[in-house]
Amino acid sequence: MKCPFCGVMDSKVTDTRLLEDGSVTRRRRQCDSCLNRFVTHERLDSIPVAVIKRGGQSEMFDRDKILKSVMSACNKRHISFEQMERLVADIEAQFINSGKKEIETREIGELVMKRLKELDEVSYVRFASVYKQFRDIDTFMAEIAGLLNEKKTEKPEDAV
C-alpha cells in the first residue's frame, strides 16, 4: 500500500478489524520508510447502481458524496465519524440489496433525512435545509415546527 505521506510503496499492517456487517475491513498501517501511520478501508466492489438526478441525467452511485453531505450536516455536532460512516453504509447497503439498477436522488435524500432525524435533529435540519432548498425563514421555521410536533406526539406529557 502506498504511503500517503512519503509515497513509498512498502507498509505493514499493524491492526485489522471488520466494520459494519463485515463488509468493510479497516486496516491500520505503518510506513516502513517514514514510520507514519495511516488507516485504509477495504470494501467489496458491488454491482454498479445509477443515480437519476432531478434533471433526468444519470451518474454512478458515489457513497463519498453522501458521506460528505452527512459530514457537512453533522459539522460541530457530537457525532463520531464511525456513526456517520455507519449511516452511509446502511443507506448504501439498502440500495444495493434492493436489486435496483437505478435510484432517484429523491430516494437517497429522503433516506438520509430519515436516518439523520433519528441520529441528531440539528443535523437533520441542516441537511433538510439544503436538500429541500429552503427559500426563506418561514420554510425553515415550518420544518422545525413539524419536527417539534412529531416530538410531542411521540412523548405525551406525563399527567400531573
Side-chain angles (χ1 to χ4, degrees), residues 1-135 139-140 143-144 147:
M1 177 62 62
K2 182 178 178 180
C3 174
F5 302 103
C6 69
V8 171
M9 291 299 291
D10 293 324
S11 65
K12 63 182 174 188
V13 175
T14 59
D15 182 42
T16 300
R17 293 187 183 169
L18 292 177
L19 299 180
E20 299 154 19
D21 60 348
S23 63
V24 177
T25 302
R26 178 183 185 269
R27 298 192 195 279
R28 293 185 69 194
R29 298 176 178 270
Q30 183 172 11
C31 177
D32 292 337
S33 178
C34 69
L35 302 179
N36 280 314
R37 294 180 180 191
F38 57 99
V39 175
T40 60
H41 292 88
E42 299 173 13
R43 82 174 74 300
L44 190 62
D45 279 343
S46 57
I47 300 168
V49 176
V51 176
I52 308 301
K53 309 283 276 180
R54 288 180 183 169
Q57 66 271 34
S58 176
E59 64 181 44
M60 296 309 297
F61 180 84
D62 183 1
R63 75 182 311 279
D64 290 335
K65 278 186 163 183
I66 299 172
L67 182 59
K68 285 176 188 173
S69 64
V70 168
M71 289 173 66
S72 178
C74 296
N75 189 27
K76 297 186 180 180
R77 301 293 300 158
H78 294 291
I79 299 168
S80 69
F81 180 76
E82 287 76 21
Q83 289 174 297
M84 291 183 267
E85 178 71 29
R86 192 175 321 114
L87 183 146
V88 173
D90 290 347
I91 290 170
E92 180 184 30
Q94 185 170 342
F95 287 126
I96 290 171
N97 294 337
S98 73
K100 293 181 179 178
K101 300 290 185 209
E102 295 182 336
I103 303 165
E104 293 183 23
T105 54
R106 178 193 52 75
E107 293 178 73
I108 296 171
E110 294 292 329
L111 191 54
V112 170
M113 285 194 307
K114 178 182 178 217
R115 294 296 308 275
L116 278 175
K117 188 185 288 188
E118 296 166 359
L119 182 65
D120 181 65
E121 292 169 341
V122 173
S123 299
Y124 161 76
V125 172
R126 288 177 175 174
F127 184 87
S129 70
V130 174
Y131 177 73
K132 292 183 176 182
Q133 300 174 347
F134 292 170
R135 299 280 184 228
T139 312
F140 195 83
E143 187 69 29
I144 292 174
L147 194 58

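Hydrogens, waters and symmetry mates are skipped; everything else that's a heavy atom, side chains included, is used.
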May I have the step-by-step check of side-chain contact (heavy atoms from CB on, under 4.5 Å) for Lys132 and Met113, ending in yes or no? CA-CA 10 Å; Lys132 292 183 176 182; Met113 285 194 307; 3.6 Å; yes

Could you go step by step and tell me if Arg26 and Val39 meet the side-chain contact (heavy atoms from CB on, under 4.5 Å) rule? CA-CA 7 Å; Arg26 178 183 185 269; Val39 175; 3.7 Å; yes

Criterion salt bridge (Lys or Arg N to Asp or Glu O under 4.0 Å) on Arg115 and Asp90, from CA distance to verdict: CA-CA 9 Å; Arg115 294 296 308 275; Asp90 290 347; 3.3 Å; yes

May I have the step-by-step check of salt bridge (Lys or Arg N to Asp or Glu O under 4.0 Å) for Glu107 and Lys100, ending in yes or no? CA-CA 12 Å; Glu107 293 178 73; Lys100 293 181 179 178; 2.8 Å; yes

Decide side-chain contact (heavy atoms from CB on, under 4.5 Å) for Met71 and Leu67; before the verdict, give the C-alpha distance in whole Å, the side-chain angles of both, and the deciding distance to 0.1 Å. CA-CA 6 Å; Met71 289 173 66; Leu67 182 59; 3.8 Å; yes

Can you check side-chain contact (heavy atoms from CB on, under 4.5 Å) on Ser11 and Cys3, steps first, answer last? CA-CA 7 Å; Ser11 65; Cys3 174; 5.8 Å; no

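Although no hydrogens or angles enter the test, the distance criterion places no donor-acceptor pair under 3.5 Å between the side chain of Arg86 and the main chain of Phe81. The main-chain N or O of Ser69 is never found under 3.5 Å from a side-chain atom of Ser72 such that the two would form a donor-acceptor pair.
Under 3.5 Å, the side chains of Thr40 and Arg29 contain a donor-acceptor pair of N or O atoms. Of the N and O atoms on the side chains of Thr14 and Arg28, not one donor lies less than 3.5 Å from an acceptor on the other residue.
Atom CD1 of Ile108 sits about 5.0 Å away from atom CD1 of Ile103, to the nearest 0.5 Å. In this structure, CE in Met1 is found 6.5 Å from CD in Glu42, a value given to the nearest 0.5 Å. Distance check: Asp120 CG to Met84 CE gives 10.0 Å after rounding to the nearest 0.5 Å. Tyr124 OH to Ile144 CD1: the interatomic distance, rounded to the nearest 0.5 Å, is 10.0 Å. Atoms OG1 and NE2, on Thr25 and His41 in that order, are 9.5 Å from each other to the nearest 0.5 Å. Taking CD1 of Ile79 as the reference point, atom CG of Leu119 lies at 4.5 Å (rounded to 0.5 Å).
The two atoms that bring Ser58 and Ala50 nearest to each other are OG-CB, 3.6 Å, heavy atoms only.
Of the listed residues (Arg63, Gln83, Lys65), just one forms a side-chain contact (heavy atoms from CB on, under 4.5 Å) with Val88, and that residue is Arg63.
The shortest distance between side-chain heavy atoms of Leu116 and Leu87 falls below 4.5 Å. Side-chain contact between Val112 and Val70 is present, with heavy atoms from C-beta onward closer than 4.5 Å. For the pair Phe95 and Leu111, the minimum side-chain heavy-atom distance is below 4.5 Å. By the 4.5 Å heavy-atom criterion applied to side chains, Asp15 and Arg17 are counted as neighbours. Between Arg126 and Arg77, some side-chain heavy-atom pair lies under the 4.5 Å cut-off. Side chains of Met60 and Val51 form no contact here, defined as non-hydrogen atoms less than 4.5 Å apart. By the 4.5 Å heavy-atom criterion applied to side chains, Leu147 and Lys117 are counted as neighbours.
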Distance-only donor-acceptor pairs under 3.5 Å for side chains of residues 31-38, two or more places apart:
none

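Among residues two or more places apart in sequence or in another chain, the side-chain contact (heavy atoms from CB on, under 4.5 Å) test is passed with Asp64 by Asp62.
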